[in-house]
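All heavy atoms count here, side chains included; hydrogens, waters and symmetry mates do not.
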Amino acid sequence: SLAWGLLLIVAALAFHAVSATSRTPAVVLALSIASVTYGALLGSYVLAGRWPRARGRDIIGAVAITVTAMLLVVFASRLAPIAGLGWLAPAGRLAWPWYVPLGTLIALGSGVALSLVPHRVRPAEAAVA
């Protein structure tokens with residue numbers, strides 16, 4: 001509890017420092033940060049409920065891919081000026097309300113793709129199945 005409490009305090013202080021130097025309203029900043037993971041969460045629910053082939057490893061992989069991709073989208077405008085990352089510029093112009101639908105599509109696409117990859121069955125899994 002102490003570690004989580006300290007982590008939350010540090011995160012709140014970092015959020016305050018970022019929002020104090022920005023002209024973006026705090027509500028918009030908070031919703032855009034939360035939207036990074038909401039698409040992955042919604043996509044994982046749809047995968048688990050509607051795609052019978054998806055297993056836990058597929059959904060975890062899809063969430064990891066989605067959060068990584070969405071972090072690239074969120075920070076695209078800051079990363080685009082770096083040499084070799086100019087291809088991120090169009091993603092930097094995406095408005096934050098589109099983060100959830102984009103994240104959901106990425107989660108669904110990557111989860112379906114991961115579920116189609118054959119995986120090796122361990123002897124313990126074969127006995128259960």
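Leu105 and Leu41 sit in two unconnected hydrophobic clusters of ILVMFWY residues. Membership requires side-chain heavy atoms under 4.5 Å apart, directly or through other members. Linking ILVMFWY side-chain heavy atoms closer than 4.5 Å, directly or via other members, places Val67 and Tyr45 in two distinct hydrophobic clusters. Val117 and Trp51 fall into different hydrophobic clusters, where Ile, Leu, Val, Met, Phe, Trp and Tyr are joined by side-chain heavy atoms under 4.5 Å apart, directly or via other members. Leu72 is connected to Phe75 through a chain of hydrophobic side-chain contacts under 4.5 Å among Ile, Leu, Val, Met, Phe, Trp and Tyr, so both are in one cluster. No single ILVMFWY cluster, assembled from side-chain heavy atoms under 4.5 Å apart, contains both Leu8 and Ile33.
Between the CG atom of Leu6 and the OG atom of Ser1 there is a distance of 11.0 Å, given to the nearest 0.5 Å. In this structure, Ile60 CD1 and Leu114 CG are separated by 11.0 Å, a value rounded to the nearest 0.5 Å. The distance from the CG atom of Leu94 to the CE atom of Met70 is 7.0 Å, given to the nearest 0.5 Å. Rounded to the nearest 0.5 angstrom, Thr104 OG1 and Tyr38 OH are separated by 12.5 Å. Of the inter-residue distances, the one linking Leu47 atom CG with Ser110 atom OG reads 7.5 Å to the nearest 0.5 angstrom. To the nearest 0.5 Å, atoms CD1 (Ile65) and CD1 (Ile106) are separated by 10.0 Å.
Closest heavy-atom contact between Ala40 and Ala107: CA-CB, 4.1 Å. Heavy-atom minimum distance, Ser44 versus Val63: CB-CG2, 4.1 Å. Contact record, Ser77 with Pro81: O-CD, 3.4 Å, taken as the closest heavy-atom pair.
Considering only heavy atoms from C-beta on, Tyr99 comes within 4.5 Å of Val74 through its side chain.
For the pair Ser115 (side chain) and Ala54 (backbone), a donor-acceptor distance under 3.5 Å is absent.
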